[in-house]
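Contents: one structure, followed by commentary.
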There are 2 protein chains.
Amino acid sequence: MSTVQSVERAFSVLQCLAGGPAGVSEIAERTALPKSTVSRLLGTLVELGAVEQSEALGVYGLGELMIELSASASPGRNLVSLARPHLVELVEQIDEAAGLGVLDGHKVYYLDQVDGDHEVQVRDWTGESVDAHVVSSGLVLMAYAPNDVRADFLSGPFEAWTDNSVTDRALVAHRLDEIKRAGFAWVYEEMSEGLNSVAAPIVNPAGMVIGAVHAHGPSYRFPAPGAAASVAASVVEAAQRVSDRLAGRHRPGSSS
Amino acid sequence: MSTVQSVERAFSVLQCLAGGPAGVSEIAERTALPKSTVSRLLGTLVELGAVEQSEALGVYGLGELMIELSASASPGRNLVSLARPHLVELVEQIDEAAGLGVLDGHKVYYLDQVDGDHEVQVRDWTGESVDAHVVSSGLVLMAYAPNDVRADFLSGPFEAWTDNSVTDRALVAHRLDEIKRAGFAWVYEEMSEGLNSVAAPIVNPAGMVIGAVHAHGPSYRFPAPGAAASVAASVVEAAQRVSDRLAGRHRPGSSS
DNA sequence: CCACAGCATTCCACAATGCGGAACAGGTCC
DNA sequence: GGACCTGTTCCGCATTGTGGAATGCTGTGG
């Protein structure tokens with residue numbers, strides 16, 4: 001069976017870029033290809049629009065074309081719509097609001113939220129960004145982020161949002177390690193007084209963490225006394241199910 | 001500037017497939033490449049997972065890898081999260097529920113819905129599918145669909161959901177033509193008694209219609225007497241804005 | 001039933017194409 | 001200035017992909 005080498009290599013490069021923006025040398029190293037070859041491939045990919053060159057001189061990332069292509073392939077196949085049913089299920093289980101977030105620089109961008117039906121409930125953060133170090137989703141995302149972005153994050157300053165915010169570099173670093181070990185993160189009134197949250201990672205088929213599921217509620221009832229472990233387990237399980245669907249079948253938006 | 005020919009060609013093939021599944025000969029014709037070359041390229045793309053071969057012997061479509069790549073590239077960059085703010089805006093303008101749907105075979109799959117705050121409101125269809133010929137989104141999507149799927153749709157049987165459902169082949173066909181001319185579709189109590197809706201197309205940068213924005217409400221107040229034209233205009237405008245963002249900048253989920 | 005069309009896949013001689021080491025061109029740091 | 005990063009360009013070589021023609025497959029219809 002004959003296979004086209006250059007195309008295979010081009011996709012190696014793309015998959016490499018899926019793990020975050022990178023420069024030519026870095027890609028060359030990771031893919032074990034000569035720099036000149038990578039440069040040439042990147043050149044064509046840029047021209048095609050499959051890859052974009054960040055103006056900050058030098059780093060490449062996936063481009064419009066990739067998004068466009070996959071949007072056409074299956075418009076319904078994406079994080080938000082995949083995760084929605086699982087968020088709803090989670091809300092039913094624990095009777096508190098649940099949400100979905102992704103990393104945006106050193107912040108978390110909230111993609112979606114499903115509310116329970118309490119009189120007192122958390123406002124909808126959909127479409128807004130919050131410093132990663134004060135929310136559970138942020139900590140989870142950073143804990144599993146590639147080493148370079150994690151390192152960059154850890155070097156940055158940490159603003160205190162409440163008296164409980166952890167702003168000490170070493171403590172934050174230590175916390176990330178623990179989160180990675182545990183598989184989920186708790187935050188108690190660190191972003192806002194009276195607000196607690198748990199979060200767990202969503203991992204894509206390539207093994208990268210690309211988002212987080214979280215649950216949150218007012219601290220006087222969330223988690224219910226003694227139920228922290230079970231709530232955490234529910235969140236982890238929901239995130240797990242989302243990851244599974246990201247990997248697998250069951251696509252709603254495909255043809256026929 | 002040197003560019004890698006085989007990679008360029010591979011992406012020609014992919015872009016071609018973005019317009020719907022096709023066989024080798026068809027792709028060869030559309031891309032003006034020799035069949036043998038297309039076959040070879042498809043071979044490698046399949047092996048990589050960028051393309052999948054439908055078991056119905058022979059037709060190819062975009063595969064997991066493409067979705068995976070773009071999901072990693074920008075998890076927040078997708079129809080639902082792009083459209084959400086515009087749906088919200090639309091709901092504020094017209095004070096009725098609005099939603100988002102894509103084609104799934106001969107049905108419409110509802111991806112999202114935003115409700116107004118009336119006592120009487122339409123139930124949330126998110127996650128469900130409805131026959132395309134009885135809802136405005138469905139008619140819009142079919143009106144702008146590629147000729148083959150449109151033809152296939154028009155040949156199929158049309159079930160009557162209410163007394164108002166249009167089930168005559170010729171009438172449906174004629175209706176699609178009018179919709180394409182007008183740029184939007186109205187449906188009056190054809191899916192459910194007492195329920196009206198308007199829809200307009202979302203088009204991707206390649207010019208293909210990949211989804212529809214709709215608004216709907218109980219027929220006793222929707223549209224407000226004499227306001228059908230202005231409601232339609234709002235919906236069209238909302239769909240237009242979503243299309244613009246699909247094409248352009250302003251991505252929330254990207255790094256830094 | 002065989003001929004024929006339309007499809008996809010395989011073959012293979014040919015050379016165009018992409019390859020990759022080395023040389024080059026900017027930067028930044030010490 | 002020189003050492004050491006980047007990324008891009010050059011250019012001879014041969015690997016690699018090319019594409020017309022041949023092959024195999026399935027369904028149609030005379």
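Keep in mind that this is a model prediction, so the values were computed, not measured. Labels below follow one simple rule: chain letters A, B, ... track the order of the sequence lines, proteins then strands, and each chain is numbered from 1.
In this structure, the CD atom of B:Glu8 is 15 Å from the P atom of D:dG17, given to the nearest Å. Distance, A:Leu45 CG to D:dT8 P: 13 Å, rounded to whole Å. The nearest whole Å value for the distance from the CG atom in A:Leu42 to the C1' atom in C:dG20 is 16 Å. C:dT17 atom P lies 5 Å from atom CD of B:Gln5, rounded to whole Å. Distance CD (A:Glu47) to P (D:dT8): 13 Å, rounded to an integer number of Å.
Crowding of A:Glu29 atom CD: a count of heavy atoms from other residues, nucleotides or ligands under 6.0 Å not exceeding 12.
Contact check, B:Ser6 against D:dG17: no side-chain N or O comes under 4.0 Å of OP1 or OP2. Look at B:Arg9 and you won't find any side-chain N or O under 4.0 angstrom from OP1 or OP2 of C:dT17. Put simply, B:Tyr60 has a side-chain N or O that comes within less than 4.0 Å of OP1 or OP2 on C:dT9. In terms of phosphate contacts, B:Ser39 brings no side-chain nitrogen or oxygen within less than 4.0 Å of OP1 or OP2 of C:dA8. The phosphate of C:dG6 has neither OP1 nor OP2 within less than 4.0 Å of any side-chain N or O from B:Ser25. At C:dG20, one or more side-chain N or O atoms of A:Thr37 fall inside 4.0 Å of OP1 or OP2 (strictly under the cut-off). In this structure, B:Ser36 does not reach the C:dT10 phosphate: none of its side-chain N or O atoms is under 4.0 Å from OP1 or OP2.
With a 4.5 Å cut-off on side-chain heavy atoms, A:Ile202 and A:Val213 count as touching. Annotation: side chain of B:Val13 is not in contact with side chain of A:Val7 (no heavy-atom distance under 4.5 Å). Looking at heavy atoms from C-beta onward, B:Leu45 lies out of side-chain contact with B:Leu65 at the 4.5 angstrom threshold.
Take A:Tyr144 and apply the ring pair (Phe, Tyr, Trp, His ring centres under 6.0 Å) test, not counting sequence neighbours, and it matches no residue. Annotation: salt bridge (Lys or Arg N to Asp or Glu O under 4.0 Å) contacts of B:Arg175 (sequence neighbours excluded): B:Glu190. Residues passing the salt bridge (Lys or Arg N to Asp or Glu O under 4.0 Å) test with B:Arg30, sequence neighbours excluded: B:Glu26.
Under the 3.5 Å distance criterion, the side-chain polar atoms of A:Arg40 are left unmatched by any main-chain donor or acceptor of B:Thr3. Of the possible donor and acceptor atoms, none in the side chain of B:Asp131 sits under 3.5 Å from a partner among the backbone N and O of B:Val134. Looking at B:His133, its side chain does come within 3.5 Å of a backbone N or O of B:Glu159 through a donor-acceptor pair.
The rotation axes computed at either terminus of the helix from C:dT17-D:dA14 to C:dC30-D:dG1 lie 0° apart, taking five pairs at each end and rounding to 10 degrees.
Between the side chain of B:Arg40 and the base of D:dG19, a donor-acceptor pair under 3.5 Å is found.
For residues 28-35 of chain A, proximity to DNA chain D is found at A:Lys35, defined as any non-hydrogen atom under 4.0 angstrom from a strand atom.
Taking atom C1' in both C:dA8 and D:dG29, the straight-line distance is 22 Å, to the nearest Å.
In this pair, A:Phe153 and A:Phe158 present their aromatic rings perpendicular. The plane angle is above 60°, beyond the 30 to 60° band. Taking the six-membered ring where tryptophan is involved, the planes of A:His214 and A:Tyr110 are perpendicular, since the angle between them exceeds 60° and thus also 30°.
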Taking only N/O atoms, report every protein-nucleotides 2-4 of chain D pair under 3.5 Å with atom names and distance.
none

